[in-house]
Amino acid sequence: MANQVLVEISARHVHLSKEDLEVLFGEGYELTVKKMLSQPGQYACEERVRVVGTKGEFPAVSILGPTRKETQIELSLTDARSIGVVAPVRESGDLEGSGACKLVGPAGEIELAQGVVAAKRHIHATTKDAEELGIENGQIVSVEIPTSNGRNLTFGDVVVRVSDSYALAMHIDTDEANAAGMAPNTMGTIVK
């Protein structure tokens, strides 16, 4: 494996709680799978919502399923600034004191006091992957991104997340991918 990991680019998206899904789309509403994602059981949905900040909005942001315990909006830092939303860099699910916004769906809207984050760059790995790569859950590593356009970059502060429900991949947002001039299907090298 030579410490290689596929680096995937994660664009802005929303994860909804069951309760918020029903406010936005109607009681008993179920998400419609558009396409399965690389992480097992995760999918992009046909449905979209409007994300509104103090200076602007994104009119049609993708929803990723299935529903979660809490609603979470993941934006790049550039996205957040452009619509006037605070998005602290956080691991998924760490929402205490995170940014606020409004979500608008076809059946209703929700004012969220928190839930907006810029996702901390991370590696998903199974227990077997982690053993083969010599990494462990919670470890902070760096990942070198080779490119042919003169913008080689090493990302530091990459958190390792290990679970047998994952598939091996690193996730970065669009700002990070653009900084590296990264193309899809780029393989990064883990540096410990």
Side-chain angles (χ1 to χ4, degrees), residues 8-34 37-124 137-138 140 155-163 165-166 169-179:
E8 297 178 325
I9 303 165
S10 182
R12 71 179 77 109
H13 61 273
V14 173
H15 299 278
L16 292 174
S17 69
K18 182 68 174 161
E19 297 77 21
D20 289 347
L21 172 67
E22 291 189 346
V23 169
L24 295 170
F25 289 90
E27 189 175 336
Y29 194 87
E30 296 289 329
L31 293 169
T32 309
V33 177
K34 180 177 182 179
L37 301 175
S38 66
Q39 292 303 309
Q42 303 292 306
Y43 51 90
C45 302
E46 294 286 350
E47 296 81 4
R48 293 175 176 263
V49 292
R50 187 161 40 119
V51 177
V52 182
T54 61
K55 296 188 330 187
E57 65 180 54
F58 295 117
V61 177
S62 294
I63 297 171
L64 300 187
T67 57
R68 291 192 175 183
K69 187 175 127 188
E70 289 185 87
T71 293
Q72 176 173 300
I73 299 89
E74 294 183 34
L75 303 175
S76 72
L77 294 175
T78 299
D79 283 346
R81 276 194 285 287
S82 73
I83 65 167
V85 172
V86 173
V89 177
R90 299 274 181 84
E91 284 192 55
S92 183
D94 181 6
L95 303 178
E96 188 66 35
S98 60
C101 73
K102 179 166 69 172
L103 296 180
V104 181
E109 59 185 54
I110 301 167
E111 289 282 350
L112 292 170
Q114 64 182 25
V116 182
V117 297
K120 184 173 180 66
R121 58 184 82 107
H122 57 278
I123 295 172
H124 291 282
N137 191 54
I140 304 298
F155 287 115
D157 300 318
V158 180
V159 66
V160 175
R161 295 166 53 187
V162 178
S163 169
S165 66
Y166 292 153
M170 177 179 171
H171 288 166
I172 61 175
D173 68 24
T174 52
D175 283 353
E176 294 166 317
N178 289 337

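Index from 1, following the sequence.
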Item to check | Rounded distance (nearest 0.5 Å) linking atom CD of E47 with atom OG of S62 | outcome: 10.5 Å
Checklist entry - Which heavy atom of P88 sits nearest a heavy atom of S98, and at what distance? => result CG-CA, 3.8 Å
Item to check | Expected output: side-chain T67 to main-chain L16 donor-acceptor under 3.5 Å | outcome: no
Next on the checklist: Please find the pair of heavy atoms, one from C45 and one from G65, that lie closest to each other, and give the distance.
Outcome noted: SG-N, 3.7 Å
Checklist entry - Under the 3.5 angstrom rule, does the side chain of K120 hit a backbone N or O of V158 as a donor-acceptor pair? => result no
Next on the checklist: Taking A11's backbone N and O only, do any of them form a donor-acceptor pair with H13's side chain (distance below 3.5 Å, no angle check)?
Outcome noted: yes
Next on the checklist: I'd like to know whether K18 forms a salt bridge (Lys or Arg N to Asp or Glu O under 4.0 Å) with E30, so could you lay out the CA-CA distance, the side-chain angles of the two residues, the decisive distance to 0.1 Å, and finally the verdict.
Outcome noted: CA-CA 9 Å; K18 182 68 174 161; E30 296 289 329; 3.2 Å; yes
Checklist entry - So, do I83 and V52 sit near enough that their side-chain heavy atoms are less than 4.5 Å apart? => result no
Next on the checklist: Using the rule side chain to side chain contact (heavy atoms under 4.5 Å, CB included), only one of L95, L103, V61, V117 pairs with I73; which is it?
Outcome noted: L103
Next on the checklist: Does this structure show an ion pair linking R121 with E91, if we count only N-O contacts that are shorter than 4.0 Å?
Outcome noted: no
Checklist entry - Side-chain contact, heavy-atom cut-off 4.5 Å: Y43 with I63? => result no
Checklist entry - Under 3.5 Å, is there a donor-acceptor pair between the side chain of N137 and the main chain of V162? => result yes
Item to check | Any side-chain heavy-atom pair of P66 and Q42 under 4.5 Å | outcome: yes
Checklist outcome for this item: To the nearest 0.5 Å, atom CD of E46 lies from atom NZ of K34 at 6.0 Å
Checklist entry - What's the spacing between E27 CD and L21 CG if we round to 0.5 Å? => result 11.5 Å
Checklist entry - Does the pair R161 and S92 meet the rule for a side chain to side chain contact (heavy atoms under 4.5 Å, CB included), with working shown? => result CA-CA 11 Å; R161 295 166 53 187; S92 183; 4.0 Å; yes
Next on the checklist: What's the separation between atom CD1 in I110 and atom CG in D20, rounded to the nearest 0.5 Å?
Outcome noted: 3.5 Å
Item to check | Verdict with reasoning, Y29 to L24, per side chain to side chain contact (heavy atoms under 4.5 Å, CB included) | outcome: CA-CA 9 Å; Y29 194 87; L24 295 170; over 6 Å; no
Next on the checklist: With heavy-atom distances below 4.5 Å as the criterion, would you say the side chains of E176 and F155 are in contact?
Outcome noted: yes
Item to check | Side chain Q114, main chain G97, donor-acceptor under 3.5 Å | outcome: yes
Checklist outcome for this item: Tightest non-hydrogen contact, residues C101 and V51, listed as SG-CG1, 4.1 Å
Next on the checklist: Looking at E74 and R12, is there a salt bridge between them, counting it only when a charged N and a carboxylate O are closer than 4.0 Å?
Outcome noted: no
Next on the checklist: Can you confirm whether the side chains of S76 and T78 place a donor and an acceptor under 3.5 Å from each other?
Outcome noted: no
Next on the checklist: So, taking the atom named OG in S17 and the one named CD in Q72, what distance separates them when rounded to the nearest 0.5 Å?
Outcome noted: 11.5 Å
Next on the checklist: Using only atom types and a distance under 3.5 Å, with no angle test, would you say the side chain of R50 pairs donor to acceptor with the backbone of P59?
Outcome noted: no
Next on the checklist: When you measure from the side chain of S10 to the backbone of H171, do you find a donor-acceptor pair of N or O atoms at a distance under 3.5 Å?
Outcome noted: no
Item to check | Non-hydrogen side-chain atoms of M170 and E8 separated by less than 4.5 Å | outcome: no
Next on the checklist: Strictly distance-based, threshold 3.5 Å: is any side-chain N or O of E22 a donor or acceptor partner for the main-chain N or O of E19?
Outcome noted: no
Checklist entry - What closest approach, in Å, do S82 and F58 show between heavy atoms, and which atom pair accounts for it? => result OG-CZ, 3.5 Å
